Amino acid sequence: MAAPGENLRINADRLWDSLMEMAKIGPGVAGGNNRQTLTDADSEGRKLFQKWCEEAGMTMGVDTMGNMFMTRPGTDPNALPVYMGSHLDTQPTGGKYDGVLGVLGALEAVRSMNDLGIKTRHPIVIANWTNEEGTRFAPAMLASGVFAGVHTQDWAYDREDAEGKTFGDELKRIGWVGDEEVGARKDKMHAMFELHIEQGPILEAEGKDIGVVTHSQGLSWTQVTVTGKDSHTGSTPMPMRKNAGLGMARILELVDEIAWSHKPHAVGAAGHIDVYPNSRNVIPGKVVFTVDFRSPDLAVIQDMEKRLKEGAKKICDDMGLGVEFEKVGGFDPVTFDEGCVTAVRNAAERLGYSHRNIISGAGHDACWINKVAPTAMIMCPCVDGLSHNEAEEITRDWAKAGADVLFHAVVETAEIVE
Ligand SMILES: [Zn+2]
């Protein structure tokens with residue numbers, strides 16, 4: 001496959017300007033963004049992206065989940081498109097780069113191809129996946145999931161936000177229900193590349209420009225309900241208490257222990273905790289919490305789930321407490337396509353950027369698309385690993401390195417026509 005010359009680079013200033021221009025739509029309260037999915041701001045951001053793509057000579061397709069596909073034709077009418085992209089929606093208190101860098105970095109790659117007169121055999125398509133964040137309509141990566149056949153469209157349309165508005169109604173309201181059948185393209189993709197900020201601290205700490213993403217860790221959510229007996233904190237003697245809060249505390253120690261036992265990649269914590277009745281002078285009679293375990297290795301996730309159940313049962317039996325478990329979410333670890341991962345690593349190498357292999361800690365659209373097409377991800381550092389926060393920050397050089405690598409990996413995969 002022909003690769004672009006090592007001196008061919010994207011235009012970092014133009015990329016940065018576009019990032020800052022997009023950030024003006026749906027501004028946050030602290031310098032970041034609130035451009036949640038299927039809001040008026042989301043629609044406005046989509047229109048700006050559409051305008052930029054059309055100015056770059058691309059044509060738009062939109063599917064029934066609102067996924068946007070902007071196409072730059074190739075020279076071979078029979079060649080399948082090479083995709084790149086990410087998401088333009090943000091958290092309610094989100095940053096300017098999470099997702100957006102992957103979409104506008106892709107746009108910059110196409111703009112640079114235009115500047116440099118690069119033609120490719122395969123068409124190139126930039127995707128903006130609807131509702132990656134899942135903050136307004138759970139779950140995350142909803143529309144790429146429907147596209148890849150993980151969820152049905154009917155189920156997705158029925159997802160409700162906190163005000164009881166449905167995904168389907170809101171997609172219609174903002175005017176982004178397309179006429180393409182969702183997923184119709186999924187068997188006609190040559191490859192997909194997603195550029196994303198790391199959302200973690202590793203690359204910055206090690207001074208690396210590029211993360212070559214080999215895997216994405218899997219996730220398991222187990223909701224645990226511990227039941228005891230609510231009673232007066234003052235007048236109930238210690239031996240007669242059935243303290244569900246204490247049971248939970250011991251289980252959380254166990255969660256930590258289990259995750260450490262699978263170091264360095266496994267992690268575990270409970271970020272959701274409800275205590276009942278949650279009153280200062282009542283011993284908790286019930287606690288409900290969700291244990292979040294993650295690992296790039298499915299066998300490790302299964303082991304962690306098993307040890308949680310056995311260990312928590314023993315803790316609660318010993319304390320005279322009841323315990324129940326419900327699996328409330330999860331997805332399997334992802335191994336990205338070797339050919340696409342190699343294209344990313346080769347691009348970083350050719351361009352002279354420092355790089356290391358990395359495992360994605362968060363879920364991304366690429367994780368679902370990997371089920372239907374050869375896929376890889378490129379990561380660039382973010383300051384202090386901070387993301388899902390308005391203070392999320394990257395440097396212009398990091399954005400440039402990421403977009404350069406995306407540009408090279410995509411052009412190589414789409415095959416330059418000499
Ligand atoms: Zn993202």
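First listed ligand is number 1; within each ligand, the first listed atom is number 1. All values reported here derive from a predicted model rather than from experimental measurement.
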key: Listed once per pair and sorted, the ring pair (Phe, Tyr, Trp, His ring centres under 6.0 Å) pairs that draw on residues 70-124, sequence neighbours left out   =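 Those involving residues 70-124 are Trp16-Tyr97, His87-His196, His122-His190.
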
task = May I ask you to check whether Phe147 and Phe69 place their ring centres under 6.0 Å from each other?
result =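 Yes, the ring centres sit under 6.0 Å apart.
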
task = Assess whether atom CD of Glu180 is packed by more than 12 heavy atoms of other residues, nucleotides or ligands within 6.0 Å.
result =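 Yes, CD of Glu180 has more than 12 neighbouring heavy atoms, counting only those of other groups under 6.0 Å.
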
Crowding at NZ, Lys309 (>12 non-hydrogen neighbours, <6.0 Å) =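 12 or below, so no.
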
key: Heavy-atom pair of closest approach, residues Phe407 and Ile10   =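 Distance-wise, the nearest heavy atoms are CB-CG2, 3.7 Å.
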
query = Do we get Arg396 above Trp398's six-membered ring, with its NZ or CZ under 6.0 Å from the centre and within 45° of the axis?
reply =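 Judged by the rule, Arg396 and Trp398 form no cation-pi pair.
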
query = Under 2.8 Å from the Zn ion (ligand 1), which protein N/O/S atoms are there?
reply =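 Protein N, O or S atoms closer than 2.8 Å to the Zn ion (ligand 1): His87 NE2, Asp98 OD1, His196 NE2.
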
